[in-house]
Colleague: 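Before we start, here is the structure in question, set down as structure tokens.
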Amino acid sequence: MPFSEICIYQVKPQKVEEFEALMLEAKSFLEKQDGLLLLRLAKRGHRIDME
């Protein structure tokens, strides 16, 4: 049974570089998992202020 997951993360501007480095580590880990068909990461250029 196919499964899709979409996650949106809002990162503080001063933490963007740290977050992107973490996501690269996560990407390399996830790509090694059995059963993964497709992994896409996208960077948005706008923020949603939910406060």
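Because the structure is a prediction, the values reported are computed rather than measured. Residues take their numbers from the sequence shown, with the count starting at 1.
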Colleague: Quick check: is Tyr9 connected to Leu22 through a chain of hydrophobic side chains (ILVMFWY, heavy atoms under 4.5 Å apart)?
Modeller: no
Colleague: Transitively linked via ILVMFWY side-chain contacts under 4.5 Å: Phe29 with Leu24?
Modeller: no
Colleague: Inspect the surroundings of CD in Gln14 and state if more than 12 heavy atoms from other residues, nucleotides or ligands are less than 6.0 Å away.
Modeller: yes
Colleague: Please evaluate residues Met23 and Glu20 with respect to the criterion side-chain contact (heavy atoms from CB on, under 4.5 Å), reporting the C-alpha separation (whole Å), side-chain torsions for both, the decisive distance (0.1 Å), and the verdict.
Modeller: CA-CA 5 Å; Met23 290 308 293; Glu20 289 178 355; 5.6 Å; no
Colleague: Can you see which heavy atom on Leu39 is nearest to which on Leu30, and at what distance?
Modeller: CD2-CB, 4.1 Å
Colleague: Give the C-alpha distance, both sets of side-chain angles, the deciding distance and a yes or no for side-chain contact (heavy atoms from CB on, under 4.5 Å) between Ile6 and Arg40.
Modeller: CA-CA 10 Å; Ile6 298 172; Arg40 291 185 184 173; over 6 Å; no
Colleague: For residues Leu41 and Val11: do they belong to one hydrophobic cluster (side chain heavy atoms under 4.5 Å, members Ile, Leu, Val, Met, Phe, Trp, Tyr)?
Modeller: yes
Colleague: Of the non-hydrogen atoms in Lys43 and Val16, which two are nearest, and what is the gap between them?
Modeller: NZ-CG1, 4.3 Å
